[in-house]
Each structure stands twice: as C-alpha cells, then as structure tokens.
Amino acid sequence: MPASYEAVMKLALERGFYFPSCEIYADAPAGFWEYGPTGVGIKNKFIELWRRELVRRDGMMEIDGCQVMSKSVFVASGHLGNFTDPIVKCGKCGSTFRADRFITEKTGEDVPEKMPNEEIDAIIDKKDLKCPNCKGEFGGVSRFNMMFRIGIGPAGEEAYLRPETCQTIFVDFARIFKTMRGRLPLGVAQIGKSFRNEIAPRQSLLRLREFYQAEIEVFCNPNKLDEVPRFEEVKQTILRIQDGPTMKEATAEEAIKLGLVPNRLIAYYLALLVQFYEKTGIDLQKSRFRKLSDEEKAFYATAAFDFEVETSIGWLELVACNYRSDYDLKGHANTSKQNLEVLDPADQTKVLPHIFELSMGIDRSLYTILEHCYYEDKQHDDRVVLGLRPYLAPVLVGVLPLMKKDGLDEKARKIHSDLKLDFDSFYDESGSIGRRYRRLEEVGAPFAVTIDQTTMQDDTVTVRHRDNMQQERVKASELRRYLQESLKQ
RNA sequence: GCGACGGUCGUCCAGUUUGGUCUAGGACAUCAGAUUGCCAAUCUGGUAACCCGGGUUCAAAUCCCGGCCGUCGCACCA
C-alpha cells in the first residue's frame, strides 16, 4: 500500500494521532476531530518549528486572541455582508442551490451576491424558474452565513466565533504597534482556533468546522514594498509558481524580474514560507504557489497565491498568501471610528498600513506531513514507517531493554527517566525487540536505544536508526548530547 | 444541503440474501504468563464490537421507520 489517504487514516486511528470528536455519542456532529497524544506531539512541534522559522527568525510579534468576537468586528470585516450566500430551497424535494449562480446559469442574467433577497425572488418569479431535480416550486431566497453565531450573557447578545484568526490581529494592531514600539514592516503572528459552519465537512482533518490556523499579518507601508533589507537572505530560494496553465521555477530574485511576484516584500515572505515547509519534510517538488485569477481571489485580496501541495487525494491548499491592501484597517477604522494610521519615522509621514498575510491551515499541514512521511518498506516485511524529522516526532527515542532480566530492565528505566524531562522518551519492555522497533517506527520515532549485556559491562548502549535500521554503539553518558544534536537541522 | 451506497472488537473482515446452534467468528493489534534474546518468532490464556432511538415478531446484527456518521457525485469551501 503506497502512502494514501486510507493508509494515513488507518495509522491515525490505530496509533492515536486523531479521531472523531464525541465519538461515543450517536449525535456527534460532522466536521469536528480531536488530536490524540501522538497527534498533539506532532502539532506542538510543528508550531514550535513555525515559531522558530518564521516568528523568531523574522522578529514577528505573537499574540493569542479570543475566539469569540463582537458583531461589529464582522460588520467591519465584511463577513456579515459579502460572505452570506443567497440560497433557494425547493419546497418539494429540499434541494438547495446558490440562488445567484443558479439564475445566471439558467438565464444568463448577472446576479450580484449582494442583490436584495426580494429582487432575486422577483427574478425567479418572472422567469418562472423551477427546481431542476423535481420541477418543484422554490421557497423564498434566504442567506447562509458560515459563521457560528452565539449569544453572550442572559440576553444572548449577538456575537460570533471568529471564522479566521486574523481579525484579532487587525483589531489589536493599534495597541501592539504603540506598546511594542512597532515599525513598519511589522509582522504579527497568531496560532489559534477558527470556526466555519461548513455545509459539507469532509475528509477528517482537511475540511473541519473547528480548526487551527497559524496566521501572519505583515503590516507594511504600501509605498515601500521593495524596501526589504533581509531580502538578501532569501533571494536564492526557489519559488515554484503556477500562473494559469504555466508552471515556472525561479529564484525569489528572478521571480520579481519576471513579473511572477509583484514586489520584494511578497517574494521575501513566500521564500520564508518555502524554507519553513522544506523543514517539515514535505516534498517541495510536489508543491506550488498557485497565482489566483481575479475570479478566484477573495474579495479583499489584490494579489493572491495559494501554497498548495500534492497528495494522494489531489492538490491541497495549505496556506493562503493574500495581499489584502488596506481593506481591513480601513474597514475597522471606519466602523470603530478609530484612527489606525501610524507614523513612518523615515519620512515622518502618516500612513494606513497595507497588509500581506500568510494564512496557514495547521490541520491540513499536519495531514500532508503525515502522508509525505509515510512509507511501507518493501525490503523489510512492508514495515510501516513514519519518516518524521526528529524535531517533529512525537517520540524522539524509545528506550528498550533487550530482555526483562539480569537488571537490563532496571538499567533501561534509569536511562529513560534520565531523559524523559528533556526529550520525548518512551520506555517499552513488552514483546520481542523487533516488535518494539516496529511500533516505534509507526509513530515516527527516529531513534531506539537498546540496553543489552554489554551495557552492563561498559555502560554503552546501541542507538538504532529508524530509516536505515543501522545501529551504533554510544556511551550512555553521551546520549543526551547525541539526541540534542539530532534536533538541530 | 441533495442523491447513491455503506456503518459489526483498536484496525480490517465474515455473518444480514432466507430473522432462530450468533452464547456474534477470524486475522492483525493489544494485555498477562512461559520460552527466546537485536529486527513483526512460538505456545498458553485474556481484554474487546452489532452507530443511536423506535417499530414488527415467540425471537432482530439480520426486516421496517427516523436520526447520526462515513465514502462518492452535485453543490459549497468567504
């Protein structure tokens, strides 16, 4: 079995990576999944890698905001206007359709999403449109909003679960900029949950109703999009860019010259993103930045690239990279009546920052890492191996006594307890040694330390490597340094 | 949300056609003991499931109704 959605799913269920939420109840809703112990291990390490390679490297500021946000936030953001799709439901068979698209398809008439419900109803009446499935009459147009609405306090004040984490960053921007002595360009980052009431959640981690995002919002001066001193560090990074039907590979520097990327600021962050994903173990040969056409772009984006990775079930969007211009800050400034302009000290001008964002889906990224790292080793009984990088593995090292006698088990327990506070160490004495190696491989543990008779004589242990199954002898006293070393690049 | 098909130990599958030896079976996984002692060994024993609710019937894993979940297709994915 090659790496496939089914194989990854099977492993996830068998080894506790992730599983359906509330599964002991029959009324558990779709689109909610939990991470088990091994899954959390990978997730936490993925987040730490993200912090190291993006937040700390670039000197970004990380915040942690609330999941419940006021109604006004979404009036300003446009979520309560632009994102409500007009839908019609057949009174007879219950089929539902996007009203605007349905009318355009049937009559050729252009129907903007924002057209009032009554006008859309009038068109359906006039053109005598019927349900294409059963010829039934349509009920009136209604609006479907993908946000979860909640009631605050006894009066049930209207509020919403955020449908994207970035709104927190926008509304917090002024305070962060002032109190943290910000300067443009300023990256503000956040990891957190977002909620979207998907109509048809599907494929476990890939389309969730409650999901993790890692977002980076870069606030910048729109007049200085090519002033990026650190661009030098990344200019040789290869960007693979799909523009319409053509796929082009170019360094970040060339990509600007070729007009594939509009400016240095965007090129810089796309390159950082590539360098980050290279370290996750995802095969970058199966990745691309897909330049979105005008029709595909979100309403707020003036330039947009989706970072996509090919998996057994097709191309998956892992990160949306949008140049959002001043859409967000302008909206929040108008709605809140606050001035969100900042001073650019270089030329003492006031400017309303523009925003370039990297909006990463953590759950999808984790799935992709699992799939790209999964393999079955034909040379060795089709052993299932998760070839995770050491710094992403939920278990770094398994500590195994060769046998449970002659004091080997006690010695092994001692070594395990010496390691476990600083490393993800796992002690296992159950079953044959080969069996235990295989179990460790399935959760991606890169190393197994075995305690044998020789250990009792000279205090050395064997370190077995997951990928090539080779072993080497290492002094027990050197183990910590050995493991420490493995966690570096 | 619509349609088609499906839902049985942790995982995969048998059993449902024709209701009754199903007290639900197997494989893998897992646990305990024995034996072995560096790559899924063997033996013995154990844990562990009919998605939920209702109905038909003397009797339901099996038939009927409703719900939930999953896969696929359509639609959706801001």
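So that the names make sense, note that chain A is the first sequence line, chain B the second, and so on, each numbered from 1.
Side-chain to base pairing of A/Y437 with B/C38: one donor and one acceptor N or O lie within less than 3.5 Å of each other.
A/T302 and A/Y327 share no side-chain donor-acceptor pair at under 3.5 Å.
Here A/R290 does not pair with A/E317 in a salt bridge; the nearest charged N to carboxylate O distance is not below 4.0 Å. Ion pairing of A/D409 with A/K404 is absent here, as no side-chain N (NZ or NE/NH1/NH2) approaches a carboxylate O to less than 4.0 Å. By the 4.0 Å N-to-carboxylate-O rule, A/E310 lies too far from A/R240 to be salt-bridged with it.
The phosphate of B/C39 (OP1 or OP2) has no side-chain N or O of A/Q471 nearer than 4.0 angstrom. Between A/R439 and B/U30, a side-chain N or O to OP1/OP2 separation shorter than 4.0 Å is present.
Residues that satisfy the ring-ring contact (aromatic ring centres under 6.0 Å, His included) test with A/Y367, not counting sequence neighbours, are A/Y5.
Contacts between residues 187-199 of chain A and RNA chain B, defined by a heavy-atom separation under 4.0 Å, are made by A/R196, A/E198, A/I199. At a non-hydrogen distance threshold of 4.0 Å, nothing from residues 358-368 of chain A comes into contact with RNA chain B. RNA chain B is contacted by A/T450, A/D452 of residues 446-454 of chain A, taking any non-hydrogen atom closer than 4.0 Å.
The distance between atom CZ of A/R202 and atom C1' of B/G6, rounded to the nearest whole Å, is 14 Å. As a whole-Å value, the separation of A/L13 CG from B/C12 P is 7 Å. Summarising the geometry, the separation between NZ on A/K10 and C1' on B/A27 is reported as 11 Å, rounded to the nearest angstrom.
Along RNA chain B, the nucleotide nearest A/P401 and the nucleotide nearest A/P163 are compared for position; the residue whose nucleotide lies closer to the 5' end is A/P401.
Between B/A49 and B/C38, the two C1' atoms lie 37 Å apart (nearest whole Å). Separation of the P atoms belonging to B/U62 and B/G70 is 22 Å when rounded to the nearest angstrom. For B/A41 and B/A60, the P atoms lie 43 Å apart once the distance is rounded to whole Å.
A cation-pi arrangement is present between A/K193 and A/Y212 under the rule of less than 6.0 angstrom and at most 45 degrees off the ring axis.
If you check B/U42 for Watson-Crick or wobble pairing at under 3.5 angstrom, you find it paired to B/A34. Nucleotide B/U57 forms a pair with no other nucleotide shown, judged by Watson-Crick or G-U wobble geometry with both contacts under 3.5 Å. Pairing for B/G73 goes to B/C2, judged as Watson-Crick or G-U wobble with the two contacts each under 3.5 Å. Both distances falling under 3.5 Å, in either a Watson-Crick or a G-U wobble arrangement, occur for no nucleotide opposite B/U23.
Between A/H416 and A/Y427, the angle of the ring planes lies from 30° to 60°, which puts this pair in the tilted group. Using the six-membered ring where Trp is involved, A/Y482 and A/F447 have ring planes that are perpendicular, over 60° apart on the 30 and 60° scheme.
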Between the protein and nucleotides 40-42 of chain B, are there any N/O to N/O pairs under 3.5 Å, and if so, what are the atom names and distances?
unit_1	atom_1	unit_2	atom_2	d
B/A40	OP2	A/D381	OD2	3.4
B/A40	N7	A/R438	NH1	2.9
B/A40	N3	A/R435	NH1	2.4
B/A41	OP2	A/S432	OG	2.8

Polar-atom pairs under 3.5 Å, protein N or O versus N or O of nucleotides 48-50 of chain B: list them with distances, or write none.
none

